[in-house]
Amino acid sequence: MPIPTPPPSTSPSAPPAATAVYLPRDVVNAPEVKAAIARRSAERGDDADMAAWLLNHFFRWAIGSFGNVLPVQSVADYLAAAGPDKPLPEWLAKQLLPRAPAVQDKDNKDKSKVGKAEPPAAEASSKTFYYLDPEHLLLVDRERMLVEFLRSRRGTRLEQKLQRITCFMAMALWEQEHQRMQAKRKKGWVPSSGLALKELLRTPNGVIFEFIGSHAALREEMAYESFHMQHCLGQFANLKKLNGGYGEQYASAAQSGRLRLFTLRSAGNLPHVTISLEVHADGLRVDQIKGKQNRHPVRKYADDVLQFLRTLPPRGERHSDCEGMGLVFEPETADDTSTTTQGQWKFVTDVRSPDFLLSVMSGNFHLIEHFEQPPPALQWLLLRIAPHELARLRQMDVAVAAAARLTLPANRLPPSLQAASSEAPAAMMEIEGISLSAVVCAPLQLGAASP
């Protein structure tokens, strides 16, 4: 809700937040207002710094600038504002007493010379007082909003200088954040309340939550996930009603129980991996496991997802999203690659069966960088099918290196082989009548590649 500006009577020309000052205003029930702020702060369990800020800055703003106050210029005004059950303070009663004019006007003096002068009329008090309802809904709402905003800045520099932040400055900062959120909303961003999430599993890099399909905030949480992950899970055609488009398919499936949705989030409620599992009569099956922009999740989160797969677990099947991030379900039987419930989810470097490993790696050669010492058979397969991935190897078999030098053009050799070729001597050697460069058969020592 936009922040209402004070009425002209209390702030004729509102200065910028950085230079705004607390205005003087005679609020007849100021102690009652301060006591109500302190009571609400205690009920919320605010820490000492927050309570001090409220009783200083928020109280002074409420007394001087909160627009919804009632003027009190008579006893009747006070009783109408405070209610008949609240007695009129004695000091206020004296202030509201009519006052006789100190000096008679000239006309009355002239009339006294020719006849009896009319008695002067009593004058009402020229000073205006105000009454502020301590439980005014807009006041309480503004207090809640500011407390939530300032709490969200814990751990930042703003928290360290909280007592120097005026109420005007805090409201200006809130307004700036509000405007940024509105701009992001137009691009599909929706705030996350966390109400449609339930914690499933704590992992090394965060917490895996499951989306609650029956919750009213499901679509808002999906839209939040989709905005941060830049994928289609919560991309709704209608951003206001959150329906239609790709998001409608996923939301409807989750609401009907056909699909279970999960998210891995770290501190700050930041999503890193989105997981969807299909619900079948014979169990769960992996639907999708996506990182940002529909890419494979990075290696950092593979252990988190592996823990998830072992905990639930879904049906042991080969899936491109799983294998793309290096997670495979290896059946117990070495030569069995069919669907089975006997086996274990593991990272690709822990696969025991050479045949199964070759089968998995044949479409995921980008994973070879995770092997400290790749099996020679895997290196030969790499040379045959994807020689452009040779540079990912941490160590290269001497025979594979020799074959690469013989079969690949110099400009297609990985940098390590090109460097070895240029530095080695150009001497020739002969093996069974075949002339070979000594470079081809030279031992190869590679530096460890970055994983």
Side-chain angles (χ1 to χ4, degrees), residues 1-72 77-78 81-82 89 92 127-185 191 193 268:
M1 181 179 69
I3 297 177
T5 56
S9 60
T10 60
S11 180
S13 57
T19 59
V21 295
Y22 297 116
L23 303 175
R25 189 167 60 176
D26 287 315
V27 175
V28 298
N29 63 327
E32 186 182 352
V33 173
K34 194 168 193 176
I37 293 173
R39 174 181 52 77
R40 290 193 293 265
S41 179
E43 290 174 350
R44 281 192 304 268
D46 295 337
D47 58 33
D49 282 349
M50 183 66 71
W53 186 90
L54 289 169
L55 293 177
N56 179 14
H57 293 287
F58 183 72
F59 169 71
R60 293 166 68 187
W61 171 83
I63 293 301
S65 299
F66 182 63
N68 296 273
V69 292
L70 297 174
V72 176
D77 287 343
Y78 177 83
L92 181 60
K127 191 172 184 179
T128 300
F129 298 90
Y130 298 92
Y131 182 87
L132 195 167
D133 180 2
E135 304 299 332
H136 195 289
L137 293 179
L138 293 180
L139 180 70
V140 174
D141 183 69
R142 183 57 46 80
E143 179 184 315
R144 176 197 55 76
M145 177 269 289
L146 288 171
V147 169
E148 289 181 353
F149 171 74
L150 294 173
R151 278 179 175 173
S152 71
R153 292 302 182 271
R154 286 174 176 168
T156 68
R157 288 185 299 174
L158 184 63
E159 181 186 23
Q160 300 171 2
K161 56 181 181 179
L162 176 61
Q163 303 307 326
R164 299 198 301 273
I165 302 297
T166 69
C167 197
F168 299 101
M169 295 166 64
M171 288 190 292
L173 291 170
W174 179 90
E175 181 65 24
Q176 292 173 10
E177 183 175 86
H178 179 73
Q179 294 298 332
R180 287 195 296 269
M181 288 193 298
Q182 290 298 99
K184 290 198 292 184
R185 274 182 179 271
S193 65

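The first residue of the sequence shown is numbered 1, and numbering continues consecutively from there.
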Undergrad: Would you check if E135 and R40 make a side-chain contact, meaning some heavy-atom pair closer than 4.5 Å?
TA: yes
Undergrad: Classify the ring geometry of Y22 against H57: parallel below 30°, tilted from 30° to 60°, perpendicular beyond 60°.
TA: tilted
Undergrad: Given side chains that start at C-beta, do those of W61 and M171 come closer than 4.5 Å, heavy atoms only?
TA: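 Yes, side chains in contact.
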Undergrad: With a 4.5 Å limit on heavy-atom distance, are the side chains of R142 and L138 in contact?
TA: no
Undergrad: Report the residues that fulfil salt bridge (Lys or Arg N to Asp or Glu O under 4.0 Å) with E43, sequence neighbours left out, ordered by chain and then residue number.
TA: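 If we apply the salt bridge (Lys or Arg N to Asp or Glu O under 4.0 Å) test to E43, skipping adjacent residues, the hits are R39.
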Undergrad: Please report the shortest heavy-atom distance between Y130 and P71, naming the atom on each side.
TA: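 The pair with the smallest heavy-atom distance is CD2-CA, 4.0 Å.
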Undergrad: Please list, chain by chain and in numerical order, all residues satisfying side-chain contact (heavy atoms from CB on, under 4.5 Å) with L173, sequence neighbours excluded.
TA: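 F149, L158, Q176.
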Undergrad: Using side-chain hydrogen bond (donor to acceptor under 3.5 Å, both in side chains) as the criterion, list what pairs up with R144, not counting sequence neighbours.
TA: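 R144 satisfies side-chain hydrogen bond (donor to acceptor under 3.5 Å, both in side chains) with D141, E148 once adjacent residues are dropped.
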Undergrad: What pairs with Y78 under ring-ring contact (aromatic ring centres under 6.0 Å, His included), at least two apart in sequence or on another chain?
TA: none
Undergrad: Compare every heavy atom of I165 with every heavy atom of W53, then report the nearest pair and how far apart it is.
TA: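 Closest approach of W53 to I165: NE1-O, 2.7 Å.
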Undergrad: Restricting to non-hydrogen atoms, name the atom on F66 and the atom on R25 that form the minimum distance, rounded to 0.1 Å.
TA: O-NH2, 2.9 Å
Undergrad: Which atoms form the tightest heavy-atom contact between A30 and F59, and what is the distance?
TA: O-CE1, 3.4 Å
Undergrad: What's the shortest heavy-atom distance between A62 and L132, and which atoms?
TA: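 So the two residues come closest at O-CD1, 3.2 Å.
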Undergrad: With sequence neighbours excluded, what pairs up with D46 under the side-chain contact (heavy atoms from CB on, under 4.5 Å) test?
TA: S41, R44, M50, L54, V147, R151
Undergrad: Kindly write out the residues that satisfy salt bridge (Lys or Arg N to Asp or Glu O under 4.0 Å) with D26, not counting sequence neighbours, or none if the list is empty.
TA: K127
Undergrad: Return the set of residues passing side-chain contact (heavy atoms from CB on, under 4.5 Å) with D77 (not counting sequence neighbours), or none when no residue passes.
TA: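 Partners of D77 by the side-chain contact (heavy atoms from CB on, under 4.5 Å) criterion, ordered by chain and then number, come out as V72, Q73, S74.
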Undergrad: List the residues meeting side-chain contact (heavy atoms from CB on, under 4.5 Å) with N56, not counting sequence neighbours, and say none if there are none.
TA: R60
